[in-house]
J.: 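Have a look at the structure that comes next, please.
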Amino acid sequence: MNLYDKVPVRVKRLPHGEGLDLPAYATDGAAGMDVLAAEDVSLAPGARYAVATGLAVAIPEGYEIQVRPRSGLALKHGISVPNTPGTIDSDYRGEVKVIMINHGDAPFAIARGDRIAQLVLAPVVRAGWEEVADLDDTPRGAGGFGSTGGHAKL
Ligand SMILES: O=c1ccn([C@H]2C[C@H](O)[C@@H](COP(=O)(O)OP(=O)(O)OP(=O)(O)O)O2)c(=O)[nH]1
Ligand SMILES: [Mg+2]
């Protein structure tokens, strides 16, 4: 398959999603499709809410959809997705919802039709555990959490 061929994903508009555009790539090179709110919501500072999209999907096996925040909303208003990247499983048939949190200090109004987040279709590789008594040694070993040095350039 050509890198830019699109993977078909079945999508169903729920009654309250009627009249809204489907999630769409804003530019030719966009990784995510901007997804629209299907309801009006006001998020108080600190509040979180699962915003309806009015869509249900059937993602092909071997893929997932990730629900990611939009950086503009995060930077300008402190609006994010607390479970980012949210996971839409290929066997999920319920409504896709976007969990949003207001980290800002003012109420944030979401109107039906607003582009609230982005959906990224991504391949999934599943693991099969191979349990062993011992793992191979590496130069890193158990070092982590800053073991290779701090962040500052000295
Ligand atoms: O941002 C999200 C995250 C999840 N979901 C839906 C689709 C996903 O397939 C399902 C389950 O999500 P997840 O596995 O993240 O949640 P859970 O808390 O583990 O619930 P479950 O026990 O249903 O798997 O909920 C959304 O609509 N939006
Ligand atoms: Mg789960």
Side-chain angles (χ1 to χ4, degrees), residues 1-14 17 21-38 41 43-105 108 110 114-154:
M1 186 169 60
N2 184 293
L3 192 60
Y4 293 103
D5 282 348
K6 288 181 175 168
V7 174
V9 179
R10 278 170 290 153
V11 60
K12 178 183 171 181
R13 275 181 227 259
L14 302 174
D21 288 341
L22 292 177
Y25 297 101
T27 64
D28 286 347
M33 297 173 277
D34 291 327
V35 62
L36 279 48
V41 186
L43 274 185
R48 57 181 187 273
Y49 181 78
V51 183
T53 65
L55 299 172
V57 294
I59 302 165
E61 271 178 41
Y63 293 88
E64 62 163 334
I65 284 178
Q66 300 177 355
V67 183
R68 301 195 199 165
R70 295 186 69 206
S71 63
L73 293 179
L75 182 63
K76 290 179 203 149
H77 305 285
I79 298 297
S80 194
V81 172
N83 59 325
T84 186
T87 305
I88 311 298
D89 299 289
S90 64
D91 56 355
Y92 179 68
R93 298 292 178 269
E95 180 172 11
V96 173
K97 294 204 172 180
V98 177
I99 305 172
M100 307 205 77
I101 187 162
N102 183 353
H103 288 303
D105 46 21
F108 184 75
I110 295 166
D114 283 353
R115 293 181 295 151
I116 53 173
Q118 52 191 323
L119 305 181
V120 176
L121 181 70
V124 170
V125 179
R126 298 185 83 192
W129 291 118
E130 193 181 317
E131 192 169 354
V132 294
D134 294 296
L135 301 171
D136 58 308
D137 291 326
T138 70
R140 172 182 285 276
F145 314 102
S147 67
T148 64
H151 69 283
K153 227 187 209 175
L154 293 175

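What you see is a predicted model; the values in this text were computed from it and never measured.
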J.: Should L14 and L55 count as side-chain neighbours, where that means a heavy-atom distance under 4.5 Å?
T.: no
J.: Does P85 reach the side chain of V120, with side-chain heavy atoms less than 4.5 Å apart?
T.: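 No; the side chains remain at least 4.5 Å from each other.
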J.: Taking all non-hydrogen atoms of both residues, which atom of L36 and which atom of D34 are closest, and how far apart?
T.: CD1-O, 4.0 Å
J.: Pairs of donor and acceptor atoms involving the side chains of residues 69-83, under 3.5 Å and at least two apart or interchain, shall be tabulated with distances.
T.:
from: R70; atom 1: NH1; to: R115; atom 2: O; distance (Å): 3.0

J.: CG/L121 to CE/M33 distance, rounded to the nearest 0.5 angstrom?
T.: 6.5 Å
J.: With a cut-off of 3.5 Å and sequence neighbours excluded, list every side-chain donor-acceptor pair involving residues 124-139.
T.:
from: T138; atom 1: OG1; to: R140; atom 2: N; distance (Å): 3.4
from: T138; atom 1: OG1; to: G141; atom 2: N; distance (Å): 2.9

J.: Could you go through residues 93-103 and list every donor-acceptor pair under 3.5 Å that involves a side-chain atom there, pairing it with any protein atom two or more places apart or in another chain?
T.:
from: R93; atom 1: NH1; to: S90; atom 2: O; distance (Å): 2.8
from: R93; atom 1: NH2; to: S90; atom 2: O; distance (Å): 3.4
from: E95; atom 1: OE1; to: H16; atom 2: NE2; distance (Å): 3.3
from: E95; atom 1: OE2; to: H16; atom 2: NE2; distance (Å): 2.8
from: E95; atom 1: OE2; to: T53; atom 2: N; distance (Å): 3.1
from: E95; atom 1: OE2; to: G54; atom 2: N; distance (Å): 2.7
from: N102; atom 1: OD1; to: G104; atom 2: N; distance (Å): 2.7
from: N102; atom 1: ND2; to: L43; atom 2: O; distance (Å): 2.9
from: N102; atom 1: ND2; to: A106; atom 2: O; distance (Å): 2.8

J.: What are the two closest non-hydrogen atoms of I110 and A37, and how far apart are they?
T.: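 That would be CG2-CB, 3.6 Å.
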J.: Can you tell me if R13 has over 12 outside heavy atoms packed within less than 6.0 Å of its CZ?
T.: yes
J.: For the atom pair OG1 (T87) and CD1 (I65), what is the distance rounded to the nearest 0.5 Å?
T.: 11.0 Å
J.: Looking only at heavy atoms, what is the nearest atom pair of V67 and T84, with distance?
T.: O-OG1, 3.8 Å
